[in-house]
Structure formats: structure tokens, C-alpha cells
Amino acid sequence: VYISMTSLVQTTALLVLILVANASTQFHFHERFQDETGWVDRWDESTVEDSETGEPKYQGMWEAKDGALEMTEPHQHYALSHTFDNPFDFRTAALPLIVQYEVKFTQPMECGGAYIKLISASSDFDGALLDNETPFTIMFGPDACGESQRLHFIYQFTNPKTNKRYEVHAKNVDGAHKLFLADATHIVTLVLNPNGTFTESINGELVRHGELADADSFDPPLFPQKMIDDANDIKPADWIDNELMDDPADEMPADWDEDAPQFLPDATVTKPKDWDESVPELIPDPTAERPQDWDEDEDGEWAAPLIRNPQCDFGCGLWTPPMVDNPAYMGQWKPRQIPNPDYKGQWHPRQIENPAYFHIDNPFVSLDPVAAVAFELWTTTGGVRFSNVMVTSDLKMAQQVAAEWEKLRESEDRAAGRGSLYNFFSSIFSSIVNEFSDIAWELIDASDEHPEYMIVFIACCAFIAMFCVAKGREVRDRLTAKPQPKRNTVSIEGDASEQSSAISPASTSTTASVNGKAKTQ
């Protein structure tokens with residue numbers, strides 16, 4: 001018995017050590033796309049076919065060049081994935097999960113996505129079958145269409161009560177439009193901490209921090225409503241919810257004319273003497289020909305399209321005088337409204353407990369394990385480039401790559417003439433356009449009736465100009481001051497840990513294991 005108990009204690013201790021070691025092991029994937037062809041062996045392209053046409057759905061062409069992977073063609077679907085050797089398991093993770101990558105729009109983005117997905121682990125996942133229905137755990141990155149410009153952060157979650165899977169969408173962040181500055185490399189970072197907190201950053205600037213369970217940060221939120229309407233509760237037939245009613249004592253005045261038209265022909269206007277009513281205003285196009293494939297049995301009788309009559313120089317066709325308001329117009333008569341003595345208030349169904357409601361303290365540990373990283377995108381704009389794709393728990397490595405990006409971006413800005421002053425004024429005017437353009441146009445439109453509004457508008461513009469000049473001088477003074485050493489601040493699990501980093505790209509060597517093959521970059 002003594003030997004058995006000793007063995008049991010030793011075995012238990014060994015299992016605990018294994019679990020602790022696994023929990024603290026760093027998860028790391030880093031793809032630089034430095035090789036123009038080798039990436040093909042590390043990534044799988046989807047071969048899914050379109051359900052309607054039977055043709056390949058994802059026909060967009062990828063090309064690796066200049067250390068980035070590019071979606072080269074506009075108006076195409078793209079799907080590409082890399083499967084990890086071992087999934088990232090949130091249940092045993094003691095370190096944060098960091099999702100970070102660089103994206104560059106070589107031309108202005110019209111409509112399309114530039115986000116990545118972390119695919120949920122499953123026994124049957126196959127990169128060749130990746131499509132928009134493939135379950136994912138995390139979706140993160142830029143997405144734009146027209147005036148809508150977003151930094152997406154979405155996670156999928158399974159309701160433990162109903163076993164139904166659904167998406168939890170983070171609300172958009174301020175400054176997402178900065179991501180879509182064309183011909184500039186941007187870096188986006190998402191940090192998920194084991195305590196259930198998260199941060200989002202754009203170009204090294206923190207744009208949001210919160211908790212995965214925070215209802216104010218997500219729409220829809222993670223947790224369902226605790227109480228819901230009872231679907232079986234029906235409003236009583238005699239329930240009166242009209243607060244006002246027609247006054248039965250009110251009668252339509254004897255001189256009220258409901259038939260009087262709202263508009264009348266203007267009696268002061270006469271037909272111009274050059275107006276020719278004998279000539280039609282529109283005539284069939286004499287140059288039009290019936291299409292060869294026109295089928296009168298299916299398409300009906302063909303008729304040439306109408307065009308403006310070239311003989312109609314001044315005015316032709318039936319002349320009618322313009323319409324003016326009828327001073328005798330009264331409209332439909334309605335009795336005045338009085339309080340309804342039978343009013344019972346607005347009816348609402350009774351509330352019952354939601355059978356789908358649940359609550360957990362830390363959603364992080366309940367997220368589905370991650371088996372792969374993927375691009376599953378559609379874009380109307382070509383030339384979208386991705387580089388330095390990282391899914392890691394190595395904070396220092398993420399900081400080093402961010403430091404390399406900063407040097408790259410500085411060189412891009414210098415080459416394009418985007419210095420500190422440019423960035424400052426660009427940010428100021430972008431904010432003005434995005435936040436106050438609607439107000440400005442309303443003031444301008446209202447100034448027709450209220451001229452004083454235009455004075456207010458001009459004064460505001462003058463104040464903004466003075467503010468920009470003052471800030472410009474401040475930036476100029478900073479540029480001429482002696483530079484100070486930089487320090488990077490990254491928030492992990494709610495604490496600020498400051499680490500200095502001055503690492504050149506040449507000094508960084510990482511090993512990524514893909515499909516059982518080791519690749520040192």
C-alpha cells in the first residue's frame with residue numbers, strides 16, 4: 001500500500017508539472033512572406049466551388065513580393081489558410097494571445113475586407129475546404145465599403161444552454177479611417193488576455209481596451225437578456241392603448257370644403273407664342289434597330305426608344321400652365337383630439353426568465369481552440385498587401401516586429417512627403433471631415449433663413465485654423481528639440497509593462513513550423 005500511494009503521489013505531481021509546463025509554453029507563429037514561392041508550401045488555397053455556377057469560388061491570384069503577400073486582382077474572392085502544428089487552447093493558456101499583422105493598400109480601398117480569421121479547431125478542418133461558412137474563433141482587421149470604414153473584432157461563442165453558435169461584434173473604434181491611407185503600411189494588434197480583457201491598437205496607438213464580457217463594447221453582447229417577453233402572453237381584446245381619441249362633440253364647419261384641390265393652374269401665366277403644340281416633344285429614335293435576338297413571343301412587340309424631338313426648339317407638345325397653391329385649400333377635416341377616458345396605458349407582454357440566458361466570469365477560457373490562421377476575403381480593389389502575420393503569445397517578439405514596422409513607416413512617410421506636420425494636419429482635417437461635415441452642411445443649408453448661422457460657421461472655421469497654426473508651431477518646436485529615447489508601453493492583463501526595444505530586422509530570427517516543416521526566417 002505504501003508503494004502504491006507513493007507512486008500515485010509521484011504520478012499526480014508529474015501530471016501537474018506537465019499541465020503547468022503546457023500552460024506556460026509560448027505559442028508562436030510568424031509569417032514574413034520573405035520568399036516568393038516557398039510560402040505556397042506553408043499555406044493552403046481553398047478549392048471550394050460556387051454552389052450556383054460550379055466554378056471555383058476563390059479565383060483571386062496571390063503573389064508574394066517585397067516581403068508581403070498581395071491580393072493582386074480586383075473584384076475577386078480570396079481564401080488561404082495555414083494550419084498550426086498544435087492548436088492554441090484558451091482553456092490551458094497562461095499567456096495572452098496576440099494577433100498582429102501589417103496591411104498596405106497600394107490604392108484607395110473602395111469596398112472589401114483585409115481582416116484575418118483564426119479558425120476553430122475541429123477534427124475535419126481542411127484548408128482546401130475553407131469558405132465563409134467555416135467556423136472561426138476570432139476575426140480581426142480592417143474592412144471598408146464606401147463611407148463605412150471599420151476595424152473588425154468579432155469572436156464566435158457557443159451558448160452553453162442552447163449549444164447554438166453566434167457572433168459577438170465589437171463596436172467600431174475611433175480612428176479606423178486611418179487604416180485606409182493608401183500606399184502606407186499599417187499595423188494592427190489585438191491582445192486577448194487570460195483574465196478576459198482585451199486591447200486593440202492601430203499603428204501602435206491604443207484605440208480600445210475592455211472586457212470580452214462587457215455589454216457596452218459589443219453589439220450584440222455576449223450574454224443574452226436575462227428576462228424576455230412571454231410569447232404566450234396576448235393583449236386582451238378590450239385593452240385600450242390609444243391615449244387620445246376623436247372628440248365626438250366636434251363637428252366639421254359648414255364652410256369646410258374637403259374637395260378643394262391643393263393646387264390650381266396659374267391663371268396669370270399664358271402659353272408662349274413660340275410654343276408649338278402640333279409637334280410632339282418626343283419621337284422614336286430613327287437610328288435604333290431591333291436587336292437580332294429579339295423574340296416578340298417572349299419580349300413583346302419591339303418599339304424604338306423615344307428621344308427628344310430635334311424640331312422642338314422652344315417648346316412643343318401639350319402646353320399646361322404651372323401649378324400654384326390654392327388659397328381655398330383646406331384638406332380633409334379631422335375632429336380635434338381629447339384624452340381617452342378608457343386609456344389603460346401601453347400594453348407590454350409579461351416578462352419571463354430567458355431559457356437561453358447564461359453568465360460566466362471569464363469568456364477567454366471558453367473560447368474554442370484555434371487550429372489555423374486564414375484569409376477569407378472579397379475585394380473590389382486589388383493591390384492589398386499583407387506581411388508579418390503573427391499569432392503568438394510572445395510579447396517581446398510582437399514588440400520587436402512593431403519596432404521594425406515603425407522604422408518602415410517612417411521611411412515610407414519621408415519618401416511620400418508625409419512628415420510629422422503632415423500627419424498632424426491630416427489627422428486634424430480627417431477628424432473634422434468625419435465628425436463635423438454633416439453639421440457644417442446643415443449650418444450652410446440653414447443659413448438661407450438664418451444668416452447668423454453662417455457667421456457662426458465662419459467663426460468656427462477661423463477658430464479651427466488658429467488652433468491648427470498653434471499646434472503646427474508646437475510640432476515644429478518638438479521636431480527641432482533634442483530627441484529622447486523611445487519606450488514602448490503595452491498593456492497586458494490590465495497592467496502596464498514598459499520595455500525598451502531597439503531591434504533591427506536583421507537581428508530577428510524566428511522559426512515557424514508549418515505542416516510538419518520547419519522554416520527559419
Side-chain angles (χ1 to χ4, degrees), residues 30-36 39 62-74 100-110 112 114-115 141-142 144 149 151 175-189 201-207 379-390 398-434 468-469 471-488 501-508 521:
H30 184 189
E31 175 63 81
R32 289 181 177 270
F33 297 112
Q34 296 282 5
D35 46 359
E36 295 186 359
W39 67 271
W62 297 92
E63 182 180 356
K65 55 184 178 182
D66 302 327
L69 187 65
E70 179 177 318
M71 296 191 296
T72 59
E73 300 173 295
Q100 179 175 282
Y101 67 99
E102 297 167 14
V103 59
K104 181 176 183 178
F105 303 98
T106 60
Q107 50 190 301
M109 171 59 84
E110 296 177 358
Y115 45 80
Q149 297 176 329
L151 175 64
H177 62 278
K178 298 177 183 178
L179 283 168
F180 300 95
L181 173 65
D183 207 27
T185 303
H186 308 274
I187 187 169
V188 291
T189 309
S201 301
I202 297 175
N203 295 340
E205 178 184 353
L206 182 67
V207 293
T379 179
T380 63
T381 306
V384 181
R385 297 182 179 180
F386 302 95
S387 54
N388 277 320
V389 178
M390 300 187 72
Q399 290 176 328
Q400 291 176 7
V401 173
E404 295 174 12
W405 163 84
E406 188 172 6
K407 295 177 181 178
L408 170 65
R409 180 58 185 269
E410 287 176 353
S411 64
E412 287 181 342
D413 288 344
R414 284 195 300 269
R418 297 189 299 259
S420 297
L421 285 174
Y422 173 89
N423 293 334
F424 172 76
F425 285 112
S426 176
S427 175
I428 287 293
F429 287 115
S430 295
S431 298
I432 292 173
V433 170
N434 281 278
C468 291
V469 170
K471 282 296 181 181
R473 292 173 179 171
E474 180 180 334
V475 172
R476 180 197 60 193
D477 294 340
R478 290 179 181 177
L479 291 175
T480 57
K482 183 179 179 180
Q484 299 295 323
K486 291 185 176 181
R487 294 179 67 83
N488 295 331
S501 60
I503 301 177
S504 63
S507 67
T508 302
Q521 299 176 330

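Excluded from the calculations below are hydrogen atoms, water molecules and symmetry mates; all remaining heavy atoms, backbone and side chain alike, are included.
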Value for CG (Leu151) from CD1 (Ile202), rounded to nearest 0.5 Å, stands at 5.0 Å
> When the ring planes of Tyr101 and Phe386 are compared, do they come out parallel, tilted or perpendicular, using 30° and 60° as the limits?
Replying inline: tilted
What one should report as the nearest heavy-atom pair of Gly204 and Ile187 is N-CG2, 4.2 Å
Would Tyr115 and Val103 count as a side-chain contact (heavy atoms from CB on, under 4.5 Å) here? Give the steps.
CA-CA 9 Å; Tyr115 45 80; Val103 59; over 6 Å; no
Applying side chain to side chain donor-acceptor pair (under 3.5 Å) to Glu102 and not counting sequence neighbours gives Ser387, Asn388
Sequence neighbours excluded, the answer for salt bridge (Lys or Arg N to Asp or Glu O under 4.0 Å) partners of Glu412 is Lys104
Taken to the nearest 0.5 Å, the spacing of Arg385 CZ from Asp183 CG works out to 8.5 Å
Hits for side-chain contact (heavy atoms from CB on, under 4.5 Å) against Ser411, two or more places apart or cross-chain, chain-then-number order -> Leu408, Arg414
Applying ring pair (Phe, Tyr, Trp, His ring centres under 6.0 Å) to Trp62 and not counting sequence neighbours gives Tyr78, Phe375
Notebook entry, point to check: Are the side chain of Thr380 and the backbone N or O of Glu110 linked by a donor-acceptor pair below 3.5 Å?
Noted result: no
Checking the side chain of Arg409 only, and the main-chain atoms of Thr185 only, is there a donor and an acceptor separated by less than 3.5 Å? yes
What one should report as the nearest heavy-atom pair of Gln149 and Ala144 is CG-CB, 4.1 Å
Here the pair of heavy atoms bringing Thr381 nearest to Pro108 is CG2-O, 3.4 Å
Across all chains, not counting sequence neighbours, the ring pair (Phe, Tyr, Trp, His ring centres under 6.0 Å) partners of Phe105 are Phe180
Taken to the nearest 0.5 Å, the spacing of Glu63 CD from Trp39 CH2 works out to 9.5 Å
Check your understanding: Going through the checks in order, is the side-chain contact (heavy atoms from CB on, under 4.5 Å) test met by Leu181 and His186?
Key -> CA-CA 9 Å; Leu181 173 65; His186 308 274; 3.8 Å; yes
**Request:** Under the side-chain contact (heavy atoms from CB on, under 4.5 Å) rule, what do Leu69 and Glu31 come out as? Steps first, then yes or no, please.
**Result:** CA-CA 10 Å; Leu69 187 65; Glu31 175 63 81; over 6 Å; no
Q | Thr379 and Met109: CA distance, side-chain angles, deciding distance, side-chain contact (heavy atoms from CB on, under 4.5 Å) verdict | A | CA-CA 9 Å; Thr379 179; Met109 171 59 84; 3.8 Å; yes
d(Gln400 CD, His30 NE2) to nearest 0.5 Å is 10.0 Å
